Amino acid sequence: MTDGFHMSWFVKMDDTPVQVGSMIINSISNLIHLKASSSYSLPNSPTLADLDDNEEEEGLPEKPHFDSRNVIFELDPCDGIGKVCLVYRKHKAGEMTPDPTIWFLDRALYWHFLTDTFTAYYRILLCHLGLPQWQYSFTSYGLSPQAKQWMNMYKPITFNPLQLSTEDPDSFINKLDPNKIFKAKNKTPVTKKKLPGPPGYQKNPSASSKRLEQSGTPRK
């Protein structure tokens, strides 16, 4: 329907617009072919093929390679934090698979699987609102503290879906009983101890005067 896609959205901070979300899909003419270049390579210098990660993760497709086994195109530059790539796989006969997979290439040149169709990636992109560094939620590194703040502010329900799916759902239920917390408690009366008076102190002077009169002592 469209050749490429770019949408950004902003929020106001101190009456100044600040860009928060950015969703980019390169047009066909701007799809950059990622491959090893030999223009400035020195003899015996390492190449991208030497940096390939050959460790495969169980349950995920085979990781892309920078050699002739894959054809890789940059789909989103990700504002310099990595690259979202369309990865086509070549058969032994030299033909490419018609359906590419979508991978995230971080700055350390490690591959992280996102999804197996472009339509699914487009939905994931919209679901994450193009928030900064959202691609790192699909990596083992996780999000940076700043990216977590943006996620908690604008995407709190779907933030960290892996943790929500693995934990016991009962752990998110408030088990506090307000009737037990705020119920009236019977107060025990506090008994006050009588302190002894000072020497020569008479508590009831009228009683002492009566004693004096009965004893016959004249009262002044």
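Note that the numbering runs from 1 along the sequence shown for the chain. Atoms considered below: every heavy atom in the structure, side chains included; atoms not considered: hydrogens, waters and symmetry mates. Keep in mind that what you see is a predicted model, and the values were worked out from it rather than measured.
- The side-chain heavy atoms of Ile124 and Trp134, taken from C-beta on, include a pair separated by under 4.5 Å.
- The structure places CE of Met151 at 5.0 Å from CG of Leu143, a figure rounded to the nearest 0.5 Å.
- Contacts of Leu31 classified as side chain to side chain contact (heavy atoms under 4.5 Å, CB included), with partners at least two apart in sequence or in another chain: Asn26, Phe73, Leu75.
- Closest approach of Pro98 to Pro100, counting heavy atoms only: O-CD, 3.5 Å.
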For side chain to side chain donor-acceptor pair (under 3.5 Å), just list the numbers for Asp106 and Tyr141, CA-CA rounded to whole Å, side-chain angles, deciding distance to a tenth of an Å, and then say yes or no.
CA-CA 10 Å; Asp106 63 17; Tyr141 319 137; 2.9 Å; yes
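- The ring-ring contact (aromatic ring centres under 6.0 Å, His included) search around Phe10 returns none, not counting sequence neighbours.
- Side-chain contact check for Thr101 versus Thr115: every heavy-atom pair is 4.5 Å or farther apart.
- Nearest heavy atoms, Phe5 versus Met7: CZ-CB, 3.8 Å.
- Residues passing the ring-ring contact (aromatic ring centres under 6.0 Å, His included) test with Phe113 are Trp103, sequence neighbours excluded.
- Listed by chain and residue number, nothing satisfies the ring-ring contact (aromatic ring centres under 6.0 Å, His included) test with Tyr88 (two or more places apart in sequence, or in another chain).
- Residues Leu34 and Cys85 have side chains in contact (heavy-atom distance under 4.5 Å, counting atoms from C-beta outward).
- No side-chain heavy atom of Leu86 sits under 4.5 Å from any side-chain heavy atom of Tyr121.
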Please output the side-chain donor-acceptor pairs of residues 13-25 that fall under 3.5 Å, not counting sequence neighbours, one pair per line with the distance.
{"from": "Thr16", "atom 1": "OG1", "to": "Asp14", "atom 2": "O", "distance (Å)": "3.3"}

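- Applying the side chain to side chain donor-acceptor pair (under 3.5 Å) criterion to Ser144, with sequence neighbours excluded, gives Gln133.
- Screening residues 80-90 for salt bridge (charged side-chain N to carboxylate O under 4.0 Å, His left out) gives Glu62-Arg89, Glu74-Lys83 as the qualifying pairs, with residues at least two apart or on separate chains.
- With contacts defined as side-chain heavy-atom distances shorter than 4.5 Å, the pair His128/Gln135 does not qualify.
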Please assess Lys155 against Trp150 for the test side-chain contact (heavy atoms from CB on, under 4.5 Å), listing each intermediate value before the final yes or no.
CA-CA 8 Å; Lys155 193 174 171 288; Trp150 290 120; over 6 Å; no
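- Of the possible polar contacts, one joining the His65 side chain to the Lys63 backbone as a donor-acceptor pair under 3.5 Å is found.
- The side-chain heavy atoms of Val84 and Ile102, taken from C-beta on, include a pair separated by under 4.5 Å.
- A side-chain donor-acceptor contact under 3.5 Å links Asp3 to the backbone of Ile28.
- Leu129 meets the side chain to side chain contact (heavy atoms under 4.5 Å, CB included) test with Trp9, Leu131, Tyr154; sequence neighbours excluded.
- Shortest non-hydrogen contact noted between Phe104 and Cys78 is CE1-SG, 4.0 Å.
- Remark: Tyr122 pairs with no residue by the side chain to side chain donor-acceptor pair (under 3.5 Å) rule, at least two apart or across chains.
- Between Pro64 and Arg69 there is no side-chain heavy-atom pair separated by less than 4.5 Å.
- Heavy-atom neighbours of Asn30 CG from other residues, nucleotides or ligands within 6.0 Å: above the threshold of 12.
- Listed by chain and residue number, Ser27 satisfy the side chain to side chain donor-acceptor pair (under 3.5 Å) test with Ser29 (two or more places apart in sequence, or in another chain).
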